[in-house]
Amino acid sequence: MSNFIMAEQNSRVISGDDKIFGINKLAQDMAAKEGKDKVINATIGSLLDDDGNLIVLSSIVDVLHDLAPVDYADYAPIAGVPAFLDKVKTAAFGPYVPEGYIEVIATPGGTGAIRNTIQNYSRRGDQVLTSDWYWSPYKTISEEIERNLTTYSMFDDNGGFNVASLDEKMSEILEAQPGLVVLFNAPAHNPTGFSPSSDDWDKIVALLKSKAKDPAKKIIFFIDIAYIDFAGNTEKSRAFMPKLSGLPENVLVIFGFSMSKGYTVYGMRSGAMICLSSSKAVADEFKMVCMFSNRGTWSNGTRPAMVALVKIFNDPVLLEKVSAERAGYSAMLAERGAAFVSAATQSGITTCPYDSGFFITVLCENAEAVGKELQKDGIFTVPIGKGIRVAISAISAEASKKVAVSMAAAIKKVNG
Ligand SMILES: Cc1ncc(COP(=O)(O)O)c(C=O)c1O
């Protein structure tokens with residue numbers, strides 16, 4: 001029975017505060033009480049400099065400052081500013097544009113793209129599939145609109161991508177329901193930092209084709225590319241995209257694009273959903289249903305962020321400035337990742353296979369207790385089931401090393 005007084009539970013599990021923001025608050029409280037230098041706060045997935053200040057690309061700030069009043073104050077069209085819808089394709093695909101019918105709808109961040117995908121391509125009560133390591137809002141968003149999030153095992157015993165588990169779970173769910181939304185976060189997966197190899201992508205594409213052999217089944221493969229601009233080489237990280245060309249008509253690929261990380265405008269709530277289909281009718285329908293969803297939820301997106309992206313992609317000099325600035329920070333992030341992985345290896349702790357991105361996950365039992373043990377040393381991380389997520393995006397390379405070493409000690413203390 002629900003304990004709610006006036007609110008309706010509507011089949012959601014509502015547990016109060018967001019876990020990550022809760023631990024972040026503990027870190028902030030300790031820093032206020034004992035001094036900033038006593039705390040390493042590796043909780044929040046924003047890119048911070050070595051002193052803990054939010055990094056905002058100065059090239060983006062300049063563009064935003066130069067916007068005309070109508071560009072920051074006016075409504076955007078429901079589907080998004082037309083030039084933005086065009087430039088998002090370049091921003092997302094780079095030189096690796098897949099072949100097929102492509103349509104774009106602006107959304108408030110990648111979150112909006114996830115929400116619209118689940119809402120339009122699954123039914124109430126349906127299962128939505130993702131990996132067992134996943135970004136927790138996938139579950140919140142699913143439950144908010146009365147779907148159930150279910151998982152497959154992301155890694156096999158050799159630490160490789162477990163395509164067999166994905167296959168098995170897809171078959172199981174497709175036996176029970178006519179369609180399936182798969183949420184797939186790559187490259188630089190949150191929370192593990194994993195990126196599929198070219199070979200992994202080949203296997204995934206082959207799997208999608210095999211599942212589509214039954215024409216009565218509809219498969220929606222949502223690729224969450226929120227971290228693509230911090231996944232190492234920005235061209236190489238997009239090389240998988242053309243592999244998704246020419247899939248059967250009952251497979252719809254949707255890319256979830258976000259300006260939050262790549263353009264450091266988290267709070268401006270700007271992103272897009274990009275569909276790829278071999279059917280024009282499916283792509284046209286995508287546009288229609290997602291516009292309807294936009295109108296029925298947040299109405300329109302944030303015009304200034306959209307116009308800023310257009311200005312960047314209309315001006316090669318500006319684009320080069322943004323790319324160069326971002327590349328510098330991406331190298332800084334890679335350095336932190338390398339520092340953490342090397343200290344973890346030396347300390348004898350195991351991480352999920354890490355390639356790039358904002359997070360590394362350390363495997364451990366009793367993660368909650370280990371997390372609490374670390375807090376005694378002023379180290380704040382996020383326990384997530386079978387492991388602990390470390391946001392290297394938020395701490396220096398030096399602190400990354402320290403966290404790995406302290407984590408080895410905390411794991412030993414808690415688990416023996
Ligand atoms: C895996 C993943 N997907 C999507 C997002 C979407 O973020 P936003 O809605 O700010 O674009 C995030 C943000 O943290 C994320 O970690």
Side-chain angles (χ1 to χ4, degrees), residues 10-23 43-46 107-155 161-162 165-166 169-170 172-173 177 179-196 204 219-228 231 252-258 260-261 266 269 271-274 290 293 297-298 352 357-359 361 367 382-389 391:
N10 288 334
S11 69
R12 297 164 298 173
V13 179
I14 299 177
S15 54
D17 285 345
D18 180 272
K19 181 173 181 175
I20 301 174
F21 285 97
I23 304 174
T43 58
I44 291 289
S46 302
T107 53
T111 303
I114 298 161
R115 187 262 170 214
N116 275 1
T117 297
I118 298 174
Q119 170 68 351
N120 286 307
Y121 295 101
S122 65
R123 306 166 307 174
R124 285 210 181 102
D126 269 0
Q127 299 193 63
V128 170
L129 184 62
T130 195
S131 50
D132 50 357
W133 298 106
Y134 65 89
W135 184 50
S136 60
Y138 283 174
K139 189 167 163 60
T140 313
I141 298 164
S142 301
E143 288 185 1
E144 172 67 12
I145 48 177
E146 297 176 49
R147 272 65 163 182
N148 303 301
L149 188 72
T150 188
T151 60
Y152 63 92
S153 301
M154 187 167 172
F155 301 115
F161 180 68
N162 197 342
S165 178
L166 175 59
K169 267 286 174 190
M170 285 182 76
E172 194 184 302
I173 299 171
Q177 60 190 53
L180 174 61
V181 171
V182 180
L183 303 176
F184 193 84
N185 175 208
H189 173 260
N190 175 5
T192 66
F194 175 75
S195 300
I204 291 164
I219 293 137
I220 294 81
F221 196 66
F222 180 88
I223 309 178
D224 180 347
I225 56 168
Y227 295 92
I228 198 155
L252 171 63
V253 175
I254 302 175
F255 295 88
F257 171 80
S258 168
S260 296
K261 324 281 166 180
Y266 314 84
R269 311 306 307 131
M273 53 200 306
I274 309 167
C290 294
S293 282
T297 46
W298 41 75
C352 288
F358 280 32
F359 309 101
T361 293
V382 183
I384 37 169
K386 299 174 288 177
I388 295 193
R389 185 187 90 164

Show, in sequence, the C-alpha distance, side-chain angles and deciding distance for K261 and S46, and conclude whether the side-chain contact (heavy atoms from CB on, under 4.5 Å) test is met.
CA-CA 7 Å; K261 324 281 166 180; S46 302; 5.8 Å; no

For side chain to side chain donor-acceptor pair (under 3.5 Å), just list the numbers for T107 and N116, CA-CA rounded to whole Å, side-chain angles, deciding distance to a tenth of an Å, and then say yes or no.
CA-CA 9 Å; T107 53; N116 275 1; over 6 Å; no

Is there a side-chain contact (heavy atoms from CB on, under 4.5 Å) between Y134 and M154? Walk through the geometry before answering.
CA-CA 9 Å; Y134 65 89; M154 187 167 172; over 6 Å; no

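Looking at T140 and D18, their side chains never come closer than 4.5 Å, going by heavy atoms from C-beta outward. A heavy-atom distance below 4.5 Å is not found between the side chains of N190 and F358. Side chains of F194 and S131 form no contact here, defined as non-hydrogen atoms less than 4.5 Å apart. Counting heavy atoms from C-beta outward, E146 and N10 have side chains that approach closer than 4.5 Å. You'll find the side chain of R269 reaches within 4.5 Å of the side chain of T111, heavy atoms only. Counting heavy atoms from C-beta on, the side chains of V382 and F359 never come closer than 4.5 Å.
When every heavy atom of S153 is checked against every heavy atom of S165, the shortest pair comes out as N-OG, 2.8 Å. Listed here is the closest heavy atom pair of F255 and F222: C-CE1, 4.4 Å. Considering every non-hydrogen atom in both A186 and P196, the closest pair reads CB-CD, 3.6 Å. Residues A367 and G385 share a closest heavy-atom pair of CB-O, 3.5 Å. The heavy-atom pair separating W133 from K386 by the smallest distance is CH2-C, 3.6 Å. Closest heavy-atom contact between T130 and L183: OG1-O, 2.8 Å.
Ring-plane geometry between F161 and Y152 is classed as perpendicular, the angle between the planes exceeding 60 degrees on a 0 to 90 degree scale with a lower cut at 30. A perpendicular orientation is assigned to the rings of W135 and Y138, their planes being inclined by more than 60° (bins at 30° and 60°).
For T150, the side chain to side chain contact (heavy atoms under 4.5 Å, CB included) partners are Q127, L129, K169, I173, not counting sequence neighbours. I145 is linked by a side chain to side chain contact (heavy atoms under 4.5 Å, CB included) to R115, I118, Q119, R147, counting only residues two or more places apart in sequence or in another chain. Partners of N148 according to the side chain to side chain contact (heavy atoms under 4.5 Å, CB included) rule, which considers only residues two or more places apart in sequence or in another chain, do not exist here.
Counting only distance, with no hydrogens or angles, the side chain of T361 and the backbone of P191 share a donor-acceptor pair below 3.5 Å. K19 places no side-chain N or O within donor-acceptor distance of the main-chain N or O of I384, the cut-off being under 3.5 Å. Checked by atom type and distance alone, the side chain of S195 never pairs as donor or acceptor with a backbone atom of P187 at under 3.5 Å.
Paired with Y121 under the rule side-chain contact (heavy atoms from CB on, under 4.5 Å), one option of I219, V128, V181 passes, and it is V181.
We find the OG1-CG distance between T151 and D132 to be 5.5 Å, quoted to the nearest 0.5 Å. A distance of 4.0 Å separates CD1 of I254 from OG1 of T117, quoted to the nearest 0.5 Å. Put simply, CD1 on I228 and OG on S258 are 11.5 Å apart, with the number rounded to the nearest 0.5 Å.
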